[in-house]
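First up is the structure itself, then whatever we jot down about it.
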Amino acid sequence: MSTAKSPTHPPVIVGLGEVLWDVFPTGPRFGGAPANFACASAGLSPAAKVSMVSGVGRDELGRQARRELQDRSVETTYLAESDRPTGTVHVELDDAGHADYRFADNTAWDCLTWSAVLNDLAAATDAVCFGTLGQRSDASRLTIQQFVKSVPNASLRILDINLRPPFFTGDVILESLALANVLKLNDEELPVVARLCGVSGTDAQIVRTLSETFGLRAVAVTAGAAGAMLLVDGELRELPGVTVSVVDTVGAGDAFTAATTLGLLAGRSADDILQHAVKVAAFVCTQRGATPAFPVELQV
């Protein structure tokens, strides 16, 4: 089974879902898992054509969000404006740099609507990354799922599950798994998904069963400093984490997803993909904020 359609043109990559500002005690920083993914994809692969599909408010944070994406070479044509405010989430970090999140309600990314323009983008997409948080409203859930359904069959449909209680349900997880062909989750989310799907065993056994049950091309599990696991076309690999001086962990998982996506699009081996993704995530942990610029040696 091929891991991707290996496009000969620069890959068209889409982040689909929430755009928001992480509000830290020191001030706001741009974020949102799909937006972080889009920025990381563009930063790691300057040749890629990366777009963000989301919504922002007609407010200063919305204007700044658009500039942040553009500054990171992410196309903002599909960033809809709304009378609702741009999304925010208050982030608290513990002594180890791990984050706790409190999300604002009824924001611009909660009211995405389907359109012919989005249909055209979906038809040209080589890889789209979506999660469960972006589907917390009925309107955005329908639009996100329609977009994922509309990409070509050979394209990567990456579910970066990103469970943020209470903004997910079992039904949304199962619907999203049925649409995806790549799954990324962390070691805390894996047992939640396993219980929902009636799967048990070691982490490796659970990963294999999920892959077989949902016809997934790849499954990635991150475990912070403990490292990560990647299954690609039946080939399972594990790596320990890279020891770094952690500033904060926000965005590290999203950058891991971006690196994995680029590796899959290029048809690289599970070993090569995982080694690169672990290095990318470790680098982000050494930086303040979720969307740092990447050094040349990490670019692909």
Side-chain angles (χ1 to χ4, degrees), residues 3-5 7 11-20 30-45 48-55 69 72-76 78-79 109 112 118 121-122 124-136 140-141 143-152 154-164 168 172-173 175-186 189 214 216-222 228 230 232 250-266 273 276-277 280-281 284 290-291 300:
T3 58
K5 67 180 184 179
V12 176
I13 300 173
V14 174
L16 176 63
E18 65 271 18
V19 161
L20 48 80
F30 182 69
N36 294 342
F37 164 84
C39 291
S41 296
L44 290 168
S45 179
K49 298 174 63 177
V50 184
S51 294
M52 185 67 211
V53 175
S54 187
L69 289 165
R72 289 163 177 78
S73 301
V74 176
E75 175 61 55
T76 59
Y78 310 99
L79 201 61
W109 55 265
L112 301 182
L118 289 186
L121 175 63
T125 294
D126 296 302
V128 57
C129 182
F130 68 110
T132 52
L133 176 60
Q135 300 183 67
R136 69 178 183 174
S140 289
R141 181 171 65 256
T143 298
I144 287 170
Q145 293 190 10
Q146 183 60 51
F147 190 103
V148 178
K149 291 174 183 176
S150 300
V151 304
S155 298
L156 298 178
R157 302 183 297 277
I158 306 115
L159 173 60
D160 187 351
I161 204 158
N162 203 26
L163 300 181
R164 299 290 186 226
F168 65 89
V172 169
I173 293 173
E175 289 169 2
S176 299
L177 281 167
L179 291 173
N181 57 21
V182 176
L183 172 64
K184 185 267 177 182
L185 65 177
N186 63 35
E189 294 161 342
F214 293 99
L216 302 171
R217 299 178 183 178
V219 181
V221 181
T222 56
L230 177 65
V232 179
V250 181
D254 306 320
F256 181 100
T257 307
T260 300
T261 299
L262 291 167
L264 291 170
L265 284 172
I273 295 171
H276 182 236
V280 166
V284 174
T291 55
V300 296

Give me the atom names and distance for the closest heavy-atom approach of [X] to [Y].
| X | Y | result |
| --- | --- | --- |
| Gly134 | Ile144 | O-CD1, 3.4 Å |
| Phe214 | Ala178 | CD2-N, 4.3 Å |
| Ala258 | Ala40 | CB-CB, 3.6 Å |
| Ile158 | Ala127 | CD1-CB, 4.0 Å |

Under 3.5 Å donor-acceptor, [X] side chain and [Y] backbone:
| X | Y | value |
| --- | --- | --- |
| Arg157 | Asn181 | no |
| Ser54 | Gly17 | yes |
| Thr132 | Ile173 | no |
| Thr125 | Val151 | no |
| Thr260 | Phe256 | yes |

Hey, could you give me the [atom1]/[atom2] distance between [X] and [Y], rounded to the nearest 0.5 Å?
| X | Y | atom1 | atom2 | result |
| --- | --- | --- | --- | --- |
| Lys184 | Ile161 | NZ | CD1 | 10.5 Å |
| Ser155 | Asp126 | OG | CG | 5.5 Å |
| Gln146 | Leu118 | CD | CG | 10.0 Å |

Is any side-chain heavy atom of [X] less than 4.5 Å from a side-chain heavy atom of [Y]?
| X | Y | answer |
| --- | --- | --- |
| Lys149 | Leu179 | yes |
| Val232 | Arg217 | no |
| Leu177 | Leu183 | yes |

Subject >> Distance-only side-chain donor-acceptor flag, Asn186 / Thr222, under 3.5 Å >> reply: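 Absent: no donor and acceptor within the cut-off.
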**OP:** Return the set of residues passing side-chain contact (heavy atoms from CB on, under 4.5 Å) with Ala259 (not counting sequence neighbours), or none when no residue passes.
**Re:**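 Here the qualifying residues are Leu44, His276, Ala277, Val280.
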**OP:** For Glu75, check side-chain contact (heavy atoms from CB on, under 4.5 Å) against everything at least two apart and list the hits.
**Re:**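 side-chain contact (heavy atoms from CB on, under 4.5 Å) list for Glu75, sorted by chain: Ser51, Thr77, Tyr78.
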**OP:** Report the residues that fulfil salt bridge (Lys or Arg N to Asp or Glu O under 4.0 Å) with Arg164, sequence neighbours left out, ordered by chain and then residue number.
**Re:**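 For Arg164, no residue satisfies salt bridge (Lys or Arg N to Asp or Glu O under 4.0 Å) once neighbours in sequence are set aside.
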**OP:** Using salt bridge (Lys or Arg N to Asp or Glu O under 4.0 Å) as the criterion, list what pairs up with Asp254, not counting sequence neighbours.
**Re:**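 Salt bridge (Lys or Arg N to Asp or Glu O under 4.0 Å) check on Asp254 returns nothing, list empty.
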**OP:** Not counting sequence neighbours, which residues clear side chain to side chain donor-acceptor pair (under 3.5 Å) with Thr291? List them please.
**Re:**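 Once residues adjacent in sequence are excluded, the partners of Thr291 under the side chain to side chain donor-acceptor pair (under 3.5 Å) criterion are Arg72.
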**OP:** Let me see the working for Gln135 and Ser140 under side chain to side chain donor-acceptor pair (under 3.5 Å), right down to the final yes or no.
**Re:** CA-CA 5 Å; Gln135 300 183 67; Ser140 289; over 6 Å; no
**OP:** Check each of Thr261, Leu262, Leu264 against Ile273 using the side chain to side chain contact (heavy atoms under 4.5 Å, CB included) test, and report the only one that passes.
**Re:**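 Single pass found, and it is Leu264.
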**OP:** Give the C-alpha distance, both sets of side-chain angles, the deciding distance and a yes or no for side-chain contact (heavy atoms from CB on, under 4.5 Å) between Leu159 and Val182.
**Re:** CA-CA 6 Å; Leu159 173 60; Val182 176; over 6 Å; no
Original post:
Sequence neighbours excluded, which residues qualify as ring pair (Phe, Tyr, Trp, His ring centres under 6.0 Å) partners of Phe147?
Top reply: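 Expected list: none.
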Subject >> Derivation and outcome, side-chain contact (heavy atoms from CB on, under 4.5 Å), residues Leu20 and Trp109 >> reply: CA-CA 8 Å; Leu20 48 80; Trp109 55 265; 4.1 Å; yes
